[in-house]
2 protein chains.
Amino acid sequence: MKLSTKGRYGVLAMVELALQYGQGPISIKEIAEKQSFSDSYMEQLFSALKRAGLVKSIRGARGGYILARKPDQIIVGDIIRSLEGPIELAQCITGSDCEKSPECLTKELWIDVMDSINQVIDHRTLQDLLDGKEA
Amino acid sequence: MKLSTKGRYGVLAMVELALQYGQGPISIKEIAEKQSFSDSYMEQLFSALKRAGLVKSIRGARGGYILARKPDQIIVGDIIRSLEGPIELAQCITGSDCEKSPECLTKELWIDVMDSINQVIDHRTLQDLLDGKEA
DNA sequence: AATAAATCCAAGCGGAATACTTGGATATAG
DNA sequence: CTATATCCAAGTATTCCGCTTGGATTTATT
């Protein structure tokens with residue numbers, strides 16, 4: 001079980017924005033260079049982050065992105081879900097026909113796993129990451 | 001973030017074995033039919049489960065698979081990891097070059113998520129699933 | 001006004017991984 | 001000796017991931 005690059009790159013990119021919070025917009029190019037990501041790929045991630053209301057964009061020359069709120073107001077879980085989609089280990093959880101069997105004995109398990117993941121990522125803000133703080 | 005079919009099918013198949021524990025071997029065909037899985041695909045999963053020491057096989061006619069131990073002695077986490085590989089959300093965790101940046105501020109996060117997943121799946125046995133018991 | 005630097009947007013595309021199939025060889029109950 | 005099973009190694013089709021391409025639009029700077 002692995003997270004896609006979207007989630008990993010996304011959180012790292014947001015950390016970069018957090019590190020320079022209050023110092024004006026940062027361009028995708030800057031972030032991509034610092035982390036050696038593809039900048040055209042990063043564009044797509046920021047598009048999703050913007051749609052989720054986590055960043056604001058400033059267009060034109062000298063433009064770039066800034067965090068939509070202070071780093072301690074941005075939940076890591078929101079970043080991850082906006083890029084990866086919901087944490088859903090099996091369609092079990094939302095779907096009606098639980099893995100084709102009505103009396104599915106594993107549903108509870110997947111829900112518990114999902115809850116525990118959300119528990120971790122929803123109790124941590126960007127500021128916490130900067131501080132190296134445990135939840 | 002999603003589990004592959006291996007993990008999901010695998011746990012369900014093991015639940016089937018647990019439900020009929022002590023009543024002799026069950027063939028792949030039986031399980032595959034009950035859950036409407038492909039039986040040739042299931043073969044591969046059971047091969048991995050056997051390698052992990054979670055099931056025993058009886059070859060030949062009237063053969064099949066049985067749990068290697070009592071249902072309360074089989075950890076769900078072992079089933080999942082034997083099929084999915086280790087729960088490693090980013091190479092961060094084991095790899096040396098943490099996402100290309102030495103001072104990676106996200107490493108702790110991924111480790112905490114991983115730990116919380118393992119916490120859930122390692123504190124639950126097949127018997128717990130049968131009982132519908134929370135961990 | 002012109003230019004350069006940036007976001008925006010939609011589509012395409014190659015490679016890898018997933019989910020599954022195929023074709024056998026071997027073992028064993030009846 | 002035959003049917004039923006596990007065993008095993010490839011092959012394959014499809015999907016998804018990670019990334020590229022080709023623009024259009026916006027805006028600071030000169």
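Chain letters run A, B, ... following the sequence lines, proteins first, then strands; residues in each count from 1. As the structure is a computational prediction, the values presented were derived from the model and not from experiment. Atom set for the values below is all heavy atoms of this structure, side chains included, hydrogens, waters and symmetry mates excluded.
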>> As an exercise, state the distance from CG of A:L129 to CG of B:L105, rounded to the nearest 0.5 Å.
In response: 7.0 Å
> What residues, two or more places apart in sequence or in another chain, satisfy salt bridge (Lys or Arg N to Asp or Glu O under 4.0 Å) together with B:D131?
Replying inline: none
> When you look at B:Y41 and B:T5, which way does the side chain to side chain donor-acceptor pair (under 3.5 Å) test go after all the steps?
Replying inline: CA-CA 10 Å; B:Y41 186 46; B:T5 54; 3.1 Å; yes
> Rounded to whole angstroms, how far apart are CG on A:L83 and C1' on D:dG18?
Replying inline: 14 Å
>> At under 4.0 Å between heavy atoms, how does the protein contact nucleotides 19-30 of chain C? Give one character per nucleotide, 5' to 3', with B, S or -.
In response: SBBB---BBBS-
> Under 4.0 angstrom, heavy atoms only, what part of the nucleic acid is A:F46 near: base, sugar-phosphate, or nothing?
Replying inline: nothing
> Nearest heavy-atom pair of A:R81 and A:D78: which atoms, and what distance?
Replying inline: NH2-OD1, 3.2 Å
>> From CD1 of A:I66 over to C1' of C:dA6, roughly how many Å is that when rounded to an integer?
In response: 15 Å
>> Please report the distance, rounded to the nearest Å, between CE in A:M42 and P in C:dC8.
In response: 14 Å
> Contact class for A:K56 (heavy atom, under 4.0 Å): base, sugar-phosphate, or nothing?
Replying inline: nothing
>> A:Y21: which residues meet the ring-ring contact (aromatic ring centres under 6.0 Å, His included) condition with it, sequence neighbours left out?
In response: none
>> Rounded to the nearest 0.5 Å, what separates atom CD1 in A:I31 from atom CG in A:L12?
In response: 10.5 Å
